[in-house]
A.B. asks: 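Below you'll find the structure I mean.
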Amino acid sequence: MIHPNVKEPATVAGSFHVSGANLLVRGLLAAVLTAVAPVVPAVSTGHADAVVRPTDAAYAGQWGIVRTRVNEAWSAVKGDSRVTIAIVDTGVSRLPDFGNRLLPGYDFVNNDSDASDDNGHGTMAAGVAAAAGNNRVGVAGVCWTCQILPVKVLDAKGAGGYDNFAKGIRYAADRGATIISASFGGNDDAAMLRDAVNYATGKGSLVIAAAGNKGTTLPHYPAAIPAALAVGGVDATGARYSWSNYGSSWVDLTAPGCNPAQQRDGAIGQYCGTSSATPFVAGVAGLLASIPSAPPASLIRAALTRGANKGQVDAAGALTALGIDLTAPAVTINRNGRYVTARATDASGVARLELLINGIVTSSFAGYLRQFAVPAGARTVAVRATDKAGNARVVAAPR
């Protein structure tokens with residue numbers, strides 16, 4: 001359930017109820033705070049000129065974006081409309097940050113085509129995964145231009161049954177969802193749930209599921225189903241939140257467990273739990289699916305785990321695992337009076353060198369070595385080197 005007065009770090013735990021064969025369970029409704037989280041200092045290992053800093057109102061509080069190098073991955077890819085992330089949850093409310101990317105979905109609770117959210121959990125999950133970025137509104141989702149497919153399997157109180165969970169996963173797969181984000185679950189394994197996850201995997205979808213919020217090693221389903229990618233929650237230091245389930249035998253990856261997100265009314269709250277970590281990974285998976293080669297789910301899953309940093313999702317590392325070059329050229333500059341000589345080296349090859357006078361490009365050269373003449377009166381002089389993968393680095397010339 002939603003707990004508006006929980007202090008961070010939240011102690012979030014889904015309450016689970018068994019009711020007949022359908023295994024009625026309470027969804028992993030993450031804690032929500034009305035205030036945006038404080039800015040947590042973090043150091044990016046990438047190049048300053050390769051890091052994207054969006055203008056979204058709450059971006060300063062999105063420590064997870066920096067921690068997992070999503071802001072470096074954005075320099076290469078920000079999403080693609082051919083990629084669909086299904087949010088199998090309490091539904092999704094329309095927000096300006098979703099625009100026309102919110103697709104028609106289905107409500108398995110009321111058996112109709114209105115998949116709007118009457119709880120708030122699913123809307124926040126959708127925002128973490130795919131809110132538009134760099135638009136001065138709300139938060140920057142991980143995958144800015146991915147489509148969002150709302151699939152409602154939890155009611156207004158966050159309760160739902162395994163039967164609807166299975167139907168929702170199958171529905172998302174049948175609608176061509178590239179990624180299926182599942183922030184729900186229970187303690188019991190069930191054939192109908194396994195069959196649904198395996199069905200979706202066979203259809204080419206990657207099912208990403210919350211590991212659960214009881215702080216235990218006991219398996220949580222559907223996350224513990226081998227075909228699903230199980231996600232736990234970590235804090236700004238990379239340490240496991242005490243409420244996050246864990247276990248190397250079944251938890252595949254960890255991700256930021258507290259993320260700012262817009263609620264149904266557009267207000268920004270703090271969204272905590274493995275429910276929040278799961279759509280974060282779904283967004284990263286959406287970025288990987290958006291690269292030109294359109295890798296299949298099996299390669300995306302492998303890249304997520306191979307590119308991880310001590311078990312934590314690393315967007316830049318995952319792109320590198322797929323062969324995407326995110327490293328800007330190395331540049332050396334020598335100055336001799338009115339001339340600067342620039343040399344750049346890069347594994348993928350240097351595409352061009354540009355002379356920047358007072359921040360404006362005044363000369364461009366296709367190659368890795370060039371002598372530029374500096375005009376008299378120049379206040380600032382710099383050279384920008386761009387490699388064949390589009391990565392760029394700007395280096396100031398010595399005075």
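Quantities reported herein were computed from a predicted structural model and do not represent experimental measurements.
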A.B. asks: Where the side chain of Asn213 meets the backbone of Thr274, is there a donor-acceptor pair that is under 3.5 Å apart?
C.D. replies: yes

A.B. asks: Would you confirm whether Ser93, through its side chain, and Arg264, through its main-chain N or O, come within 3.5 Å as a donor-acceptor pair?
C.D. replies: no

A.B. asks: Please report the interatomic distance CD(Gln62) to OG1(Thr68), rounded to the nearest 0.5 Å.
C.D. replies: 10.0 Å

A.B. asks: Quick one: which of Asp118, Asp117, Asn164 gives a side-chain hydrogen bond (donor to acceptor under 3.5 Å, both in side chains) with Lys152?
C.D. replies: Asp118

A.B. asks: Same cluster or not: Val83 versus Leu103, using hydrophobic residues (I, L, V, M, F, W, Y) connected whenever any side-chain heavy atoms lie under 4.5 Å apart?
C.D. replies: no

A.B. asks: Taking Asp114 for the side chain and Ser116 for the main chain, is one N or O donor matched with an acceptor at less than 3.5 Å?
C.D. replies: yes

A.B. asks: Looking at Asn198 and Arg194, would you say the former's side chain and the latter's main chain have a donor-acceptor pair under 3.5 Å?
C.D. replies: yes

A.B. asks: Distance from Thr380 atom OG1 to Leu356 atom CG, nearest 0.5 Å?
C.D. replies: 8.0 Å

A.B. asks: Val251: which other cluster members, linking ILVMFWY side chains closer than 4.5 Å, directly or transitively?
C.D. replies: Trp250

A.B. asks: Test your reading of the model: is there a side-chain donor-acceptor pair from Arg101 to the backbone of Cys146, 3.5 Å cut-off?
C.D. replies: yes

A.B. asks: Given Val70, which partner from the list Asp314, Val313, Val284 fulfils the side-chain contact (heavy atoms from CB on, under 4.5 Å) test?
C.D. replies: Val284

A.B. asks: How far does CG of Asn71 sit from CD1 of Ile65, to the nearest 0.5 angstrom?
C.D. replies: 7.5 Å

A.B. asks: Enter the distance from Asn119:CG to Thr90:OG1 here, rounded to the nearest 0.5 Å.
C.D. replies: 4.5 Å

A.B. asks: Between Thr123 and Phe98, is a side-chain contact (heavy atoms from CB on, under 4.5 Å) present by the stated rule, with each step listed?
C.D. replies: CA-CA 10 Å; Thr123 300; Phe98 301 150; 4.2 Å; yes

A.B. asks: Side chains of Ile85 and Cys143: closer than 4.5 Å at any heavy-atom pair?
C.D. replies: yes

A.B. asks: Could you walk me through whether Gln312 and Arg67 pass side-chain contact (heavy atoms from CB on, under 4.5 Å), step by step?
C.D. replies: CA-CA 9 Å; Gln312 178 186 269; Arg67 170 95 197 162; 3.3 Å; yes

A.B. asks: State, without any angle test, whether Ser275 and His121 hold a side-chain donor-acceptor pair at a distance under 3.5 Å.
C.D. replies: yes

A.B. asks: When you measure from the side chain of Arg384 to the backbone of Glu354, do you find a donor-acceptor pair of N or O atoms at a distance under 3.5 Å?
C.D. replies: no

A.B. asks: Has the side chain of Asp56 got a donor or acceptor atom that lies under 3.5 Å from a matching backbone atom of Gly138?
C.D. replies: no

A.B. asks: Below 30° counts as parallel, above 60° as perpendicular, anything between as tilted: where do the rings of Tyr59 and Trp74 land?
C.D. replies: tilted

A.B. asks: Is the closest side-chain heavy-atom distance between Pro375 and Thr362 below 4.5 Å?
C.D. replies: no

A.B. asks: Can you confirm whether Ile179 sits close enough to Ile208 that some side-chain heavy atom of one is under 4.5 Å from a side-chain heavy atom of the other?
C.D. replies: yes

A.B. asks: Can you tell me how far OG1 of Thr320 sits from CG of Leu326, rounded to the nearest 0.5 angstrom?
C.D. replies: 5.0 Å

A.B. asks: Side chains of Val381 and Ile333: closer than 4.5 Å at any heavy-atom pair?
C.D. replies: no

A.B. asks: Which residue pairs satisfy the salt bridge (Lys or Arg N to Asp or Glu O under 4.0 Å) criterion with at least one member in residues 122-131, sequence neighbours excluded?
C.D. replies: none

A.B. asks: Same cluster or not: Leu319 versus Val142, using hydrophobic residues (I, L, V, M, F, W, Y) connected whenever any side-chain heavy atoms lie under 4.5 Å apart?
C.D. replies: yes

A.B. asks: To the nearest 0.5 Å, what is the distance between OG1 (Thr201) and CG (Leu206)?
C.D. replies: 7.5 Å

A.B. asks: Could you walk me through whether Tyr339 and Asn334 pass the side-chain contact (heavy atoms from CB on, under 4.5 Å) check?
C.D. replies: CA-CA 8 Å; Tyr339 296 92; Asn334 295 312; over 6 Å; no

A.B. asks: Has the side chain of Gln262 got a donor or acceptor atom that lies under 3.5 Å from a matching backbone atom of Asp97?
C.D. replies: no

A.B. asks: Name all residues meeting the ring pair (Phe, Tyr, Trp, His ring centres under 6.0 Å) criterion together with Phe108; count only those two or more places apart in sequence or in a different chain, and write none if there are none.
C.D. replies: Tyr106, Tyr171

A.B. asks: Side chain of Arg240, backbone of Gly232: donor and acceptor closer than 3.5 Å?
C.D. replies: no

A.B. asks: State whether the side chain of Thr145 and the backbone N or O of Asp80 hold a donor-acceptor pair below 3.5 Å, judged by distance alone.
C.D. replies: yes

